[in-house]
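Heads up: the structure comes next, in structure tokens.
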Amino acid sequence: MNVRRSAAVLAATAVIGTATPAVAADPSASPSPSPSVAIPAGLYGASDPTYDGVWRQSLALMAQHEVSVDPADTAVAWLAGQQCASGAFPAFRADTTKPCDAKVMVDTNMTAVAVQALATLTDRYDAQVKKAVTWLKSVQNKDGGWGYSAGSATDANSTSLVVGALAQAGVTVPNLRKNGKSPLDALWQLTLPCDSKDAGAFAYQPDKKGKLTANADATAAAVLGGYGETLAAGAQEDADTSVGCREKEDDMLAEVAADNGAAWLAKTLKKDGYLKSALPGSEDQPDYGNTADAVVALASAGYNDQAAASLGWLEANAVKWAEQSGPAAYAQLIFATKAGRGDVHDFGGKDLVTLLNATGPTPRAINSEPPTASADEVKASKKDDDGTLTVAWTVGGGLLLGALIGFGLMLRGRKRRQ
């Protein structure tokens with residue numbers, strides 16, 4: 001199974017991430033083939049980067065940031081150097097001295113994840129971030145969302161990645177409209193209604209007849225998109241699980257959609273603790289990457305008990321998968337462990353930070369991490385806050401209250417990560 005099934009995986013044969021089995025095998029039993037291109041010095045991972053270079057680099061850099069590791073300057077520069085003059089990013093281009101032409105396939109997923117990483121890490125690349133944001137805005141669909149490539153049909157994964165990138169870059173996302181439609185309208189159109197079997201889940205896209213089918217990967221992505229979060233979203237206060245699926249509220253569109261999606265994920269994960277993927281010609285198998293994504297989404301929604309339970313399953317089962325899959329997988333597990341309040345230095349007996357760092361250039365600095373707040377500490381903090389409201393779309397610590405109140409997107413009693 002792929003490291004993460006972004007829009008590319010669902011839309012085309014070319015995948016994002018290395019194609020690895022859903023069941024973690026012994027990496028030494030089937031060695032990876034030699035990459036068809038030379039691995040640049042600043043790039044994380046040793047596998048062929050043709051389809052996932054920017055993806056795995058962005059996740060690795062974000063994960064290092066989450067655990068107080070300052071990445072090597074060469075690693076950040078490599079990512080920024082992948083950008084085309086248009087502002088968009090491809091999955092990989094070996095020769096960055098040549099300008100991008102029609103043969104260089106850029107897409108929204110790579111551009112969005114690169115923006116998430118560069119905007120999170122440093123202000124040295126503000127110009128590049130702005131160019132990427134301008135390109136993403138220019139390819140917004142008429143329904144308010146984004147597809148994998150410019151002009152392709154809107155899907156939940158791509159739209160959510162772009163929303164997280166734009167929010168991280170300081171864009172007031174609800175104000176970004178095309179033909180009167182915002183990205184939040186696009187996400188809502190992909191939610192299953194409350195009177196359906198999979199109430200609150202998100203579909204990747206409608207089928208040819210317009211039918212929506214619940215998709216766990218799309219739901220995990222859309223929960224973060226609804227909250228305006230990046231792939232590295234942190235845990236929030238415990239959710240009110242008694243609310244259930246809520247009907248559309250125009251003044252709370254993003255929060256309602258994200259809350260409903262998180263509730264569906266929590267229900268889906270409650271039985272086994274992990275998500276499954278169906279591979280053609282084989283039985284359903286555990287999907288480690290999507291389970292890690294779901295842990296982040298659940299914690300971001302305040303489903304901390306279920307997030308912790310699924311994180312426990314990952315600790316017991318996902319180490320070999322990550323060893324086989326490489327830096328993006330390690331990054332996903334770091335995101336999940338941080339969100340689920342686990343220990344990144346003792347994940348199934350392994351130090352995820354050390355393992356990730358070993359896949360790329362030596363970090364510039366490895367700093368001491370601030371202690372992760374326990375569930376009791378978060379609850380105590382909630383009492384001390386005395387109900388203070390914050391906003392899901394806040395970026396860089398600045399509250400954009402004036403702009404967002406007009407759209408009714410204040411979170412009622414909900415704390416978001418700043």
Side-chain angles (χ1 to χ4, degrees), residues 39-45 49 52-100 104 106 108-138 161-173 228-234 327-328 331 334-335 338 353 356-357 359-370 393-398 400 417-418:
I39 304 299
L43 177 63
Y44 285 84
D52 80 326
V54 165
W55 183 266
R56 75 196 196 202
Q57 188 81 350
S58 299
L59 265 65
L61 296 175
M62 291 172 68
Q64 287 184 320
H65 176 78
E66 286 297 303
V67 294
S68 301
V69 171
D70 294 335
D73 290 338
T74 55
V76 184
W78 182 89
L79 176 60
Q82 288 291 298
Q83 188 175 36
C84 295
S86 65
F89 282 77
F92 175 75
R93 58 188 183 118
D95 188 354
T96 56
T97 64
K98 296 180 180 180
C100 299
V104 177
V106 299
T108 62
N109 285 215
M110 297 301 171
T111 304
V113 76
V115 167
Q116 288 192 20
L118 292 174
T120 297
L121 289 170
T122 176
D123 58 6
R124 285 179 294 164
Y125 295 100
D126 280 354
Q128 286 90 335
V129 168
K130 289 178 181 178
K131 285 183 66 176
V133 166
T134 298
W135 183 81
L136 287 170
K137 289 180 177 179
S138 73
L161 277 172
V162 174
V163 166
L166 295 178
Q168 187 67 25
V171 176
T172 307
V173 177
E229 295 280 11
T230 68
L231 297 174
I334 286 174
F335 296 152
K338 293 288 288 186
V353 180
L356 173 62
N357 291 345
T359 67
T362 303
R364 188 156 48 93
I366 300 176
N367 307 304
S368 59
E369 295 177 51
W393 305 99
T394 302
V395 178
L400 303 175
R417 185 178 82 162
Q418 303 302 313

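For this chain, numbers begin at 1 and follow the sequence in order.
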Output all residues satisfying side chain to side chain donor-acceptor pair (under 3.5 Å) with [X], sequence neighbours left out; order by chain, then residue number.
{"X": "Asp95", "result": "Thr97"}
{"X": "Thr120", "result": "Gln168"}
{"X": "Gln64", "result": "Tyr44, Asn357"}
{"X": "Thr122", "result": "Arg124"}

Using every non-hydrogen atom in the two residues, find where [X] and [Y] come nearest and quote the distance to one decimal.
{"X": "Met110", "Y": "Pro90", "result": "CB-O, 3.7 Å"}
{"X": "Ala63", "Y": "Leu356", "result": "CB-CD2, 3.7 Å"}
{"X": "Pro71", "Y": "Leu121", "result": "CG-CD2, 4.2 Å"}
{"X": "Cys84", "Y": "Val104", "result": "SG-CG1, 4.1 Å"}
{"X": "Leu59", "Y": "Phe335", "result": "O-CZ, 3.7 Å"}
{"X": "Val162", "Y": "Leu136", "result": "CG2-CD2, 4.0 Å"}

query = Can you name the residues that form a salt bridge (Lys or Arg N to Asp or Glu O under 4.0 Å) with Asp126, not counting sequence neighbours?
reply = none
To the nearest 0.5 Å, what is the distance between [atom1] on [X] and [atom2] on [Y]?
{"X": "Thr359", "Y": "Leu43", "atom1": "OG1", "atom2": "CG", "result": "9.0 Å"}
{"X": "Leu231", "Y": "Leu161", "atom1": "CG", "atom2": "CG", "result": "5.5 Å"}
{"X": "Trp135", "Y": "Thr108", "atom1": "CH2", "atom2": "OG1", "result": "6.0 Å"}

Side chain to side chain donor-acceptor pair (under 3.5 Å) contacts in which one or both residues fall within residues 73-86, not counting sequence neighbours =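 Listed by first then second residue: Asp73-Arg364.
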task = Name all pairs fulfilling the salt bridge (charged side-chain N to carboxylate O under 4.0 Å, His left out) condition that reach into residues 163-173, sequence neighbours left out, sorted by first residue then second.
result =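 Sorted result for residues 163-173: empty, none.
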task = List in chain and number order the residues that pass side-chain contact (heavy atoms from CB on, under 4.5 Å) with Ala117, two or more places apart in sequence or in another chain; answer none if no residue qualifies.
result =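 Only Ser58, Met62, Leu79 meet the side-chain contact (heavy atoms from CB on, under 4.5 Å) criterion with Ala117.
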ask   = Are any side-chain N or O atoms of Thr111 and backbone N or O atoms of Phe89, one a donor and one an acceptor, separated by less than 3.5 Å?
value = yes
What pairs of donor and acceptor atoms, side-chain ones from residues 127-134 against any protein atom, are under 3.5 angstrom apart with sequence neighbours left out?
unit_1 : atom_1 : unit_2 : atom_2 : d
Lys131 : NZ     : Ala85  : O      : 3.0
Thr134 : OG1    : Lys130 : O      : 2.9

